[in-house]
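My structure is below; once you've seen it, I'll send some questions.
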Amino acid sequence: MLAFDFGCAGGPVAEGHHEVTESTLYDAESGFGLSAPVACRDRGAPDDMRRDFVLAGGEQFQVDLPDGEYHVTVISGDEIASNNTQLTVQGEFQGSLSPRGSGEYAEHSVYTEVADGSLVLEVSGDGRFNGVEISQVAPPTGLEAAEVSTEPPSATLAWDESVGAAEYTLYRSAHGEQDFQAVGSTTDASLTDADVELGYSYDYAVTQTSAAGIESGHSEVHTVPIVDPEVAAPAAPQDLTLEKANPSRTTISWTGDDAADEYHVYRSLNADRGFERIAETAETTYTAQGEAEHNWYYMVLAVNPGGVSERSEPLLAPVTARGGNGNPFEECTTDDADAVVTRHGDTWRAANDGETVLETYAMVEAMQAAVDSLTEGRTEQESVVVRGSGTMTADAAVDLPSHTSFSVCGTIHVAGNESNFSYEDHTGVVRIRHAEDVAVPFLSLTGSPNFGVYLRTSSDVHFGQMDLRLSGGHGMRIDSRDDDSVREARDITIDDVYVSGTQTHGVETYGVDGLTIGTVTAVDTGHAGLLLNDTVNADIERIVGDGAAAGTGYATFRTANRNGQIDGEYPTNIRVGELIADGGGRGFFCVSESGGVEIETLEIRDTGSNAMLIENCHNITVASEEGYVSGPGDLRISARSEFANTSDIRFANLTLEDTAINESPCGENITAENITLIDSELNLCE
């Protein structure tokens, strides 16, 4: 495949793509380019190819290609604006590309013929070119398994020769997963794959690459089982049993099949999906050494030359870290609680002052019943403590009204969320709406909630020890968005939150006045570790990101949407004592009329995008005490034309290694003092 990434000069280029900037004009030597100079925009997200684009208003993009039939895909969209781009391919009008909404990206594909040595594309209307992908239409045909061996396991695939093919590439995926990876390339019409496992099935596809370097699309898929057809596959393991679970080890056992040669052990945080293989054994037991930080689900398959068995039923094993009985916080206690929820075998009991309120199989029902049993109309805080670990579904929530304290001495696993995260779904494991004087001293979650914690338009709320080790969804959301004209979420405190594995942000605020945070630790969050929107008067002691927002334009710490703006001004009101970002996306990102930030100490290393991006922001002090930044990401000062220019940015007491501070376009009052440069540059305007 021949691929092009369109965008602004100096911006990142998607892997495997040729760069086309606003001034890349066609010439015969390169064989591609634009018919005239154009404009460009860089939105910083969502990825290297879609984040930026060129703006063409009837200008053409030409690529020299050998005559023949081609499959062409044009990618067009804008992260922050709607997009009505019209496309013409080889003189044939394709109409307006869709979808067209803000943050949506059209991928319009068309088959076309090159008869004069060049492909010509033209866009008009909004005229956004983000990317173009071109491949020859005709993939190889006749793909089949020429030979399958079980000792040692291997598969030889063969196909019909294609006229003009310079090379073939064989691709493989686990059966049904559609995640094709290249096995290898060859000039012959066959290839042997020895990197397969006995008993499993694989899907194969093959492409051809022409002498011009254009790779075709995939052939039709051919499935190959690595089995001996003379042997029957074993039966699924039965009766998975938890033999032992303590801080030293977790041991499971099962009833096997005499026909099995070995067993493959899988583990997941969700009973329905996401299982990853962790071990192979010839025994009918498996031991995981050390503490279990999560409620793991285990599943076992039996394998022999005849194939792989059906899955066993999943087995849920408890958390064993940080104390016995799955209790994640040793300080968490039922002493002096007004209502207590406890687990007894498969049932949960909610009691108030020793009297049973509800007995149920559903953990969430017992927790809500305990909350509802507190004094109606109370004016002072009363408490509920949950003792034990259990599971609830992603569409359920525990609602906390005013003057309530809610602690979980155990771990709640959220299962059954097969849908993508949605801001429109206001369901949180813990949900606080239009309340005051609420506390959540202890909360430990695993699984895939929509929100782990959801708070709206509430005040005087204290979160203590929050441990959110997720496999999707959103960690904590604190907002007042039923009225954007005021900041009605007020006086919010978070002592310590650890959040990992989210689909979106770790901790996010929108419309908060008065935020105090001890530590946010964000590990492998899908988007920002800590994101502050339209929030003022925040004091944050420490933010730590490890792999946060990898592959995105987000950051370990991001401020946006007038964050820090008070009465149209930007007094310093967002204080960060320490910011640490290792890997992931950006380290710090300020955007969209935000500011009033002071970061006292910082350490940023090895970010996949900018170490920092400060865009249309005001009154930012970076490293007022001490800081260190290492590349490859740079510290970028930028601005969009739709907002006031970036101003009053101060870098101080920084050591820069293998990076640079780059200012473009020029801001207002951008200063740098006491900067130590190690293989780095200061590219500031005069």
| request: Tell me, yes or no, whether the heavy-atom count around Tyr361 atom OH, taken from other residues, nucleotides or ligands under 6.0 Å, exceeds 12. | output: no
| said: Check this for me: does any side-chain nitrogen of one of Glu600 and Arg575 sit under 4.0 Å from a carboxylate oxygen of the other? | reply: yes
| Atom CZ of Arg311 with >12 non-hydrogen neighbours under 6.0 angstrom | no
| Would you call Asp399-Arg431 a salt bridge at under 4.0 Å N-O? | yes
| said: Using a 6.0 Å cut-off, check whether atom CD of Glu625 has over 12 heavy atoms from anything other than its own residue. | reply: yes
| task | Give a yes or no on this: more than 12 heavy atoms of other residues, nucleotides or ligands lie within 6.0 Å of atom CG of Asp335. | result | yes
| said: How about CD on Glu310, more than 12 heavy atoms from neighbouring residues, nucleotides or ligands closer than 6.0 Å, or not? | reply: no
| request: Tell me, with the steps shown, if Phe451 and Tyr423 meet side chain to side chain contact (heavy atoms under 4.5 Å, CB included). | output: CA-CA 9 Å; Phe451 294 97; Tyr423 272 107; 4.2 Å; yes
| Think Arg477 forms a cation-pi with Tyr454, using NZ or CZ under 6.0 Å from the six-ring centre and within 45 degrees of its axis? | no
| request: Kindly determine whether Trp254 and Tyr286 satisfy ring pair (Phe, Tyr, Trp, His ring centres under 6.0 Å), including the steps that lead there. | output: CA-CA 9 Å; Trp254 57 89; Tyr286 167 73; 7.9 Å; no
| Test applied, side-chain hydrogen bond (donor to acceptor under 3.5 Å, both in side chains); reference residue, Thr287; option that passes from Thr281, Thr250, Thr251 | Thr251
| request: Under the side chain to side chain contact (heavy atoms under 4.5 Å, CB included) rule, what do Phe406 and Val398 come out as? Steps first, then yes or no, please. | output: CA-CA 10 Å; Phe406 179 80; Val398 179; 4.1 Å; yes
| task | Decide side chain to side chain contact (heavy atoms under 4.5 Å, CB included) for Ile543 and Thr556; before the verdict, give the C-alpha distance in whole Å, the side-chain angles of both, and the deciding distance to 0.1 Å. | result | CA-CA 8 Å; Ile543 308 168; Thr556 289; 3.8 Å; yes
| said: Give me the atom names and distance for the closest heavy-atom approach of Ala337 to Val385. | reply: CB-CG2, 3.7 Å
| Contact summary for Ser373 and Ala370, nearest pair of heavy atoms | OG-O, 2.7 Å
| Asp491, Asp513, Thr516 screened by side-chain hydrogen bond (donor to acceptor under 3.5 Å, both in side chains) with Asn537, the one that passes | Asp513
| query | Side-chain contact, heavy-atom cut-off 4.5 Å: Met363 with Ile412? | reply | yes
| said: Looking at Glu376, I'd like to know if its CD atom is crowded, meaning that more than 12 non-hydrogen atoms belonging to other residues, nucleotides or ligands lie closer than 6.0 Å. | reply: no
| So with a 6.0 Å cut-off around CD of Glu313, is the heavy-atom count from everything else above 12? | no
| message | Looking at Arg490 and Asp460, is any side-chain nitrogen of the basic one under 4.0 Å from a carboxylate oxygen of the acidic one? | response | no
| note | Heavy-atom closest pair (Asp336 atom, Ser383 atom, distance to 0.1 Å) is O-OG, 3.8 Å
| Side-chain H-bond candidate by donor/acceptor type, Glu598 with Thr572, under 3.5 Å | no
| query | Between Thr427 and Ala397, what is the shortest heavy-atom contact and its length? | reply | CG2-CB, 4.1 Å
| message | With a 4.5 Å cut-off on side-chain heavy atoms, are Asp467 and Leu443 touching? | response | no
| Side-chain touch Glu359/Arg349, heavy atoms, less than 4.5 angstrom | yes
| said: Under 4.0 Å between a side-chain nitrogen and a carboxylate oxygen: does that hold for Arg605 and Glu603? | reply: yes
| field | For Tyr297, the option from Leu240, Leu316, Leu315 that meets side chain to side chain contact (heavy atoms under 4.5 Å, CB included) | value | Leu316
| Looking at side-chain heavy atoms only, is the closest gap between Ile432 and Phe463 below 4.5 Å? | yes
| message | Would Ser268 and Trp296 count as a side chain to side chain contact (heavy atoms under 4.5 Å, CB included) here? Give the steps. | response | CA-CA 6 Å; Ser268 174; Trp296 288 112; 5.6 Å; no
| message | Less than 6.0 angstrom from the centroid, inside 45 degrees of the normal: does Arg558 satisfy that with respect to the ring of Tyr554? | response | no
| query | Taking all atoms of both residues into account, what is the closest heavy-atom pair of Gly529 and Ala522, and its distance? | reply | CA-CB, 3.4 Å
| request: Taking atom CD of Glu382 as the centre, report whether more than 12 heavy atoms of other residues, nucleotides or ligands fall under 6.0 Å from it. | output: yes
| query | Salt-bridged, Glu488 to Arg456, with N to O below 4.0 Å? | reply | no
| field | Closest heavy-atom pair and its distance - Ile574, Val536 | value | CD1-CA, 4.1 Å
| Close side-chain approach of Trp348 to Thr342, heavy-atom, < 4.5 Å | no
